[in-house]
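Any value given below was found using the heavy atoms of this structure, including those in side chains, with hydrogens, waters and symmetry copies removed. Residue numbers begin at 1 in each chain, while the letters A, B, ... track the order of the sequences.
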Amino acid sequence: VSGEISDDVLPGILEENIEELYEDAPVGYLSTAADGTILKANRTFLTLCGFDAADLVGRRRFYDLLPPGAKIYYETHYAPLLRMQQDVREIAIEVVRADGRRVPVLVNARLKNEPGVPALIRLTVSDASDRRRYERELLAARVEAESRAAAASALQHVKEGVVLVDDDGLIVVLNPAASRLFGVEIERAVGLRLASVVPGWAAVAPRIAVGRHHEAAASVVVPLAVEADTLWIAASAEFAAEGIVYTLRDVTADRRLEEFRDDIVSIVSHELRTPVAGVYGAAQTLAAHGAQLDQDARNRLTEMIVEQSGRLSRILEEILLTEQLDANNVLLEQTAFTPAEVVARVVGVSALWRHTRPVRIARLEGTHADGDPGLFEQALVNVLDNAMKYSPSGGEIVVSVVAHRASVRVTIADGGPGVAPSDAERIFEKFFRSDPGHATGVTGTGLGLYIARELMRRMRGRVGMLPSDRGATFFLDLPAAS
Amino acid sequence: MTVIHRNNVVLSGRVRGTPMMFAHGFGCDQNMWRYVAPAFEDDYRVILFDHVGAGRSDLSAYDRARYSSLDGYAADILEICRELELREVIFVGHSVSAMMGVLAAAEDPERFARLVLVGPSPRYLDDDDYVGGFAREDIDELLDSLDNNYLGWSAAMAPAIMGNPTRPELTEELTNSFCRTDPQIAKQFARVTFLSDNRDDLARVSVPTLVLQTQEDVIAPMEVGAYVERALPQGQLVVLNATGHCPNLSAPEETINAINTFLATG
């Protein structure tokens, strides 16, 4: 017994009519001549393609049933393969039915080439509509996956920070630019709230308008507190299917440039105006009334011109030097020298400066240091100048040179108002002024200490402030000569 | 010998014979010449090769920019000629390789003695009053066919396809192995082939050229063969009894005879 069919019935069932087996096989059969002319086709094939046998046999070749593009495929793949291998398997192709519709089919073919007899090609053709639909879905899925992968890859290389936050406010995507901007690792951020990852986010988020899908709102520039710093960020946001996409651009550098421009304008309007007016006024008075003035008055005016034009020249030189430092264009000649000698000379000369405060040298140790003596002198003069500016009239300035660990340290202590601890670092920044409104009457470009810091840095030295009970105490360190 | 490896160059025939170089067309590989090339081995130095991206060529040498036009393939042909120091080459190109031969011969006429173009077409698309035989949509349909037939292709097979001549059984196991390659390369090659237009290059060929035309070649119809003959300064059209695009496979004897007749004259 085979399954449910008893052995005595089985032969009767299996002894099929060969003709019927051929005609109604679950696959289309075709026999063609070597040039493809159809010689015989079974009923399954005729049903599949919708032609009558009389339309095909002896009248059409197999490839006449193919659409034009598939004909190229047939001629460049199927036909050569059949000749080279004698059989081809699983060729996916379309057949154009009698009614013009196309049916996807799978073709297997074998070339029967025996000596003395014309060659014959046998083909099986099976309907592959469902399979083709499935394959198309696979192909579409692959294309989709590739385009997603490409998009993800593109996001890695976008200069702007991009953050996708889901409807619950949790970070879904954070690209490397955003990671750098916020100073947080991607792995640590994903799944958390932006506000818990970026300290200042909660404060700025309400200021960023969220645009509708494909319609980002105008970007706003906001100060954002991140780990160590405050950045200026141009931010825009847009609703997406998955949540909200934030696009963030660091505009801190642009902002600084703007501030620089403002500072330059401020220097020109405040610092240059007074000396220029002084020179102009004195020169004009001399020109118009020189003859009527007595010698003393003429001398005072001439002195004023000399003094104010000297101030102008110093301001311009500071600006020029700052520009050179920023462009890294300052020539350094590193050598072993004795800072104490430079200090003694500068202090000696400073006695000649106008409006100077008394300078006392408390200690001078002749240790050698490595550095550029010229640049060191410039830094020292700037710090000393600053001390004098802020010292009250008659207040003493005390200077020392001592060996300090592996350095030679110059300290400059003044009796001025001192510097607020919060400003101890910032006073060395470019254009920093303790009184932005010029209220105290102390003039200056805000470049002197910045230049000192940059020069010392280039000599592998340091300038800074020491904690002090009264007044301010600056130090200049240079590495001791090896 | 990177060019030799890159293009899977295979040499046979008489060592000091006149070089005869066979170039396969779009679809398969140098096996396309298996019934024709041996007939010339007694008298000629026979050079077979695979275009980069086909057969057992070095797939890693495939460079989309270089092969974005037929010029890249023509440059490969010239590089093989230079590497092997071939002169007076008889170049036999099938299908799209016929045009590559035209470009190579126009570029460096000294290298070539004669060209044999089997089923050439300088332009497959119809264009004003020029009949190439195809419309743009037909080419998209071909690209679809390629997509549908490469689903079974996997990168894991690439080493087997590129192959190791000492282990031929590896490639024999693969279905339809003579015409398999990376699907992306195949599609790009199809685009480059069927969207090319080299009609103006035909006039640049200065050597005697045989145009072999079959009956009912859907890819290079009779009108195209006639056009090629007219456009070539020294073209000679021979119409074969064979049908279809590959007489080198379907009618090797007739193809061999036609080439021999051409080589024997003038």
So that I can tick it off, tell me whether [Y] and [X] are bridged by a salt bridge, with the cut-off set at under 4.0 angstrom between side-chain N and carboxylate O.
X: B:Glu216; Y: A:Arg61; value: yes
X: A:Arg148; Y: A:Glu144; value: yes
X: A:Lys71; Y: A:Glu75; value: no
X: B:Asp50; Y: B:Arg56; value: no

Okay, side chain of B:Ser69, backbone of B:Asp71: is any donor-acceptor separation there less than 3.5 Å? yes
Do other residues, nucleotides or ligands put more than 12 heavy atoms under 6.0 Å from [X] [atom1]?
X: A:Tyr29; atom1: OH; answer: no
X: A:Arg97; atom1: CZ; answer: yes
X: B:Arg199; atom1: CZ; answer: yes

Stepwise ring-ring contact (aromatic ring centres under 6.0 Å, His included) test for B:Phe189 and B:Tyr67: CA-CA 8 Å; B:Phe189 192 16; B:Tyr67 300 114; 8.7 Å; no
Qualifying salt bridge (Lys or Arg N to Asp or Glu O under 4.0 Å) pairs with a residue from residues 104-115 of chain A, counting only residues at least two apart or across chains: A:Asp87-A:Arg110
Let me know if A:Tyr63 has heavy atoms under 4.5 Å from chain B in its side chain, its backbone, both or neither. side chain
Bottom line for A:Ala34: the part with an atom under 4.5 Å from chain B's heavy atoms is neither
What's the spacing between B:Asn31 CG and B:Cys179 SG if we round to 0.5 Å? 8.5 Å
Are A:Phe45 and A:Phe51 close enough, and set up right, to give a ring-ring contact (aromatic ring centres under 6.0 Å, His included), and what steps lead you there? CA-CA 9 Å; A:Phe45 180 79; A:Phe51 284 102; 8.5 Å; no
In terms of ring plane angle, is the pair B:His51 and B:His24 parallel, tilted or perpendicular, where the classes change at 30° and 60°? tilted
For the residue pair A:Phe62 and A:Tyr74, does the interplanar ring angle fall in the parallel (under 30°), tilted (30 to 60°) or perpendicular (over 60°) class? tilted
Please classify the contact of B:Tyr124 with chain A as side chain, backbone, both or neither, using a heavy-atom distance under 4.5 Å. neither
Positions in residues 150-159 of chain A that reach chain B, provided some heavy atom is under 4.5 Å away: none
Checking heavy-atom separations under 4.5 Å from chain A, one finds in residues 239-252 of chain B B:Thr243, B:Gly244, B:His245, B:Cys246, B:Leu249, B:Ser250
Listed by residue number, which members of residues 129-143 of chain B have a heavy atom under 4.5 Å from any heavy atom of chain A? B:Phe134, B:Asp138, B:Ile139, B:Glu141, B:Leu142
